[in-house]
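Since the structure comes first, as structure tokens, the remarks are kept for the end.
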There are 2 protein chains.
Amino acid sequence: MSTIQDVARHAGVSVSTVSNVLNGRAERMRKETLERVQSAIRELKFQPNRLAQQLKTGQTSLLGLLVPSMTNPMYGFMAREIEKFAQEMGGLRLLIGSTYRDREKESAFFDDLLAHGVRRVIVISSLADERHFETAVGNGMSVVSYDRGATPGRRSRVAHVMPDNQLAAQLATRHLIEHGHARLAFTTVAGLTMSRSAKIQGFTAAAEHARVHGEVLDGGPLNEYGETVIAQVGRATAHQIARMRERPTGVVALNDLMAMGLMAGLRECGLAVPQDVSVVGIDGMPVAGLTNPALTTVCLPVREMAQAMVARALNRERGRKDVVFAPSLLRRESVAAPPTRQRSARVPRAEELLS
Amino acid sequence: MSTIQDVARHAGVSVSTVSNVLNGRAERMRKETLERVQSAIRELKFQPNRLAQQLKTGQTSLLGLLVPSMTNPMYGFMAREIEKFAQEMGGLRLLIGSTYRDREKESAFFDDLLAHGVRRVIVISSLADERHFETAVGNGMSVVSYDRGATPGRRSRVAHVMPDNQLAAQLATRHLIEHGHARLAFTTVAGLTMSRSAKIQGFTAAAEHARVHGEVLDGGPLNEYGETVIAQVGRATAHQIARMRERPTGVVALNDLMAMGLMAGLRECGLAVPQDVSVVGIDGMPVAGLTNPALTTVCLPVREMAQAMVARALNRERGRKDVVFAPSLLRRESVAAPPTRQRSARVPRAEELLS
DNA sequence: ATGAAAGCGCTAACAT
DNA sequence: ATGTTAGCGCTTTCAT
């Protein structure tokens, strides 16, 4: 690896001239000098040491990305879009980390980013407490938080980008109602993040508005493996649903992964989707279109949100710091009219289940 | 952000003493001094600037991870395991990037890593050409390559970790043969990576050994979106299969994502899995267990491979640099005996398809 | 138009 | 046992 010194020597100029070339201050020198430096750079295959640049300038070409878990395909999907925009808009690489929605892990990651000189972070999270973000901003970071709004009343220096989660749940719920469903459920996991609360509100509001029965089913906690387990929770919730005397005929799932778990679980109990139970997801992640039946879901505009997040992380779009994006319903096959009578189900015992 | 200078001043010692504390050379000083320094560190919330450390030592606490695409849930799954071991075994964070199996992108990422001082990389790739890896090793990098063996004959300074892909395809193929299938297909995408060749070999060998018809179906190229599209290719291949006069009754898919696409496509043509066509995947990614029918697949030992990769990236495990891991069959629901007679299928036209 | 030099925050050899 | 100091590779101000 050659250094700026090598280039300077090779071109017969001083390091500052080379530095000027590197930093686009070519107008300060003779064309001839510029060319000499450029060819020296080429010949030596010189790549400026980012570490040294960063130490000097305090600016990294790295973008921190915190996701709850890389095992939920939705976050892989989002990471991909974010990566693309980060490259295109700012030449930034991704320093990624999983938080499993754990405050400790999230803080530790922030500390590491700071120590690495990373000044821009996108956090896909939704922990209620945002104070460590503010601390980070205080340390000069540009923080973008996904999936939760600013705490009302306190003005925040953190940018917020999110889908309208309440609307998402409403769209899903209304879709079921339009198909004639009158006994609805919203399935979630333990723990109220902001996005989960918003979805529950949307669901409840839509059900109440149509004067239809709507209940919230909490499938319990996620373990350290985080998001994969969300599908397992969905499966368990399906068993719970199958056991109910007055079974809901339409279910809105917290997200697509949970919906997939739900569908698998319902099937295990001998219940058909959508003939016995209709299911709607929220997310619109690509793999969810491959299920049988194909999952009807509320799509989030991932590309647009990713672009907005990167723009804010780069401190473009100074004006409107917070943005909410509208989701849209994607009709596929997992919703139909409710059954005329409730079919009896059979919940398998643990040992009968496939892994 | 306080610096080592601040700490030194605060504790009334020199910077080297603080540095000694930081680098575990506490035995060189009086206990009392150590304590003074430690409390100064605590009081100032001092975090050493990694950039400066790295510039000095040439050692980053970052691990580069190259994946073909974050949109294939299998790679999210692998990334998660790699991240865990990287943290546990070396306190390393992940600098991640997608290559879309493009040489240019792969090289550019390597250059960036080098410029960022990153000395360890894990590459989930399988491009035939490995020369740029060797260059990187020449530049002092520790490179671990997944899913392809060393080029025979040339001894490589790149470590190789991989599943036995040939065996994986064999296990899948044999499983179909054991169920009585005599007309088999292996579905893949355009482009022969090493892992794809190995799988094709395993498939062909198993079919020939059982004196059974086995053909390889190439669904065409992937576009820039890479891996998501692999499911679409699977779907298109399913349509191709449905059109065949002598339809295969058992199909081995290149990987789980393609298998999911295949199942969706077969269903669109009115063919039931496994009654009309049996399908086996390769990977064992979590979401593939949620399909209907649940996908029978050959599981790769992701955890073990991840651990091996990180160990090699850290230059532990100097001895056996290359390792091959054995996969294992996971029986679920997508394989049954072949149908007694071939059912007629109906391939939908493009405009009839759901997105 | 070009160069000299200070310094970003740290490490580690070398003094004391 | 502790301190002094020379860099790591770059940017940038200030001279020339």
Side-chain angles (χ1 to χ4, degrees), chain A residues 1-38 40-41 44-62 111-119 139-140, chain B residues 1-38 40-41 44-62 111-119 139-140:
Chain A
M1 300 246 62
S2 41
T3 74
I4 199 173
Q5 308 271 5
D6 301 329
V7 177
R9 208 175 310 125
H10 198 91
V13 297
S14 74
V15 288
S16 25
T17 302
V18 180
S19 175
N20 282 333
V21 173
L22 254 39
N23 294 285
R25 282 181 289 261
E27 72 288 354
R28 291 204 200 167
M29 68 199 76
R30 280 207 307 270
K31 212 162 111 187
E32 191 247 342
T33 315
L34 173 62
E35 278 160 12
R36 242 184 22 256
V37 173
Q38 285 175 329
I41 290 179
L44 298 176
K45 295 203 172 97
F46 170 68
Q47 293 257 71
N49 183 327
R50 301 253 173 233
L51 248 48
Q53 285 182 324
Q54 290 160 17
L55 179 58
K56 187 67 196 169
T57 62
Q59 288 287 339
T60 355
S61 49
L62 252 30
D111 289 345
D112 260 31
L113 288 178
L114 228 32
H116 276 285
V118 178
R119 320 290 259 161
N139 282 315
Chain B
M1 299 246 66
S2 41
T3 74
I4 200 173
Q5 309 271 5
D6 301 330
V7 177
R9 208 175 311 124
H10 199 92
V13 297
S14 75
V15 287
S16 33
T17 301
V18 181
S19 174
N20 283 333
V21 172
L22 253 39
N23 294 283
R25 283 182 287 261
E27 74 287 354
R28 292 206 200 166
M29 69 199 74
R30 279 208 308 269
K31 211 162 111 190
E32 192 246 343
T33 315
L34 173 64
E35 277 159 11
R36 243 186 18 259
V37 173
Q38 285 173 332
I41 289 178
L44 298 176
K45 294 204 174 97
F46 169 68
Q47 293 257 70
N49 182 328
R50 301 252 172 234
L51 249 47
Q53 285 184 323
Q54 289 160 20
L55 180 57
K56 184 68 197 167
T57 61
Q59 289 286 339
T60 356
S61 49
L62 251 32
D111 289 345
D112 261 31
L113 289 179
L114 228 32
H116 276 286
V118 177
R119 320 292 262 162
N139 282 317

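Just so we're on the same page: letters track the sequence lines, and every chain starts at 1.
Within the helix from C/dA1-D/dT16 to C/dT16-D/dA1, the inter-axis angle between the opening and closing five-pair segments is 50°, rounded to 10°.
Contacts between residues 15-24 of chain B and DNA chain C, defined by a heavy-atom separation below 4.0 Å, involve B/S16, B/S19, B/L22, B/N23, listed by number. Of the residues in residues 27-37 of chain A, A/R28, A/M29, A/R30, A/T33 come within less than 4.0 Å of DNA chain C through at least one heavy atom, sorted by number. A heavy atom closer than 4.0 Å to some atom of DNA chain D occurs in B/L55, B/K56, these being the qualifying members of residues 48-56 of chain B.
Scored by the side-chain contact (heavy atoms from CB on, under 4.5 Å) test, A/T57 finds A/Q59 as partners (sequence neighbours excluded). With sequence neighbours excluded, the residues satisfying side chain to side chain donor-acceptor pair (under 3.5 Å) with A/R25 are A/N20. In this structure, the side chain to side chain donor-acceptor pair (under 3.5 Å) partners of A/S61, at least two apart in sequence or on a different chain, are B/H116. Shown here are the side chain to side chain donor-acceptor pair (under 3.5 Å) partners of B/R36, two or more places apart in sequence or in another chain: B/E32. In this structure B/N23 satisfies the side chain to side chain donor-acceptor pair (under 3.5 Å) test together with B/S19, sequence neighbours excluded.
Nucleotides of DNA chain D with any atom under 4.0 Å from a heavy atom of chain A span, from 5' to 3', D/dG9 to D/dT12. Nucleotides of DNA chain C lying under 4.0 Å from heavy atoms of chain A occupy a range whose first and last members, 5' to 3', are C/dA1 to C/dG9.
A salt bridge (charged side-chain N to carboxylate O under 4.0 Å, His left out) check over residues 10-20 of chain B, counting only residues at least two apart or in different chains, returns nothing.
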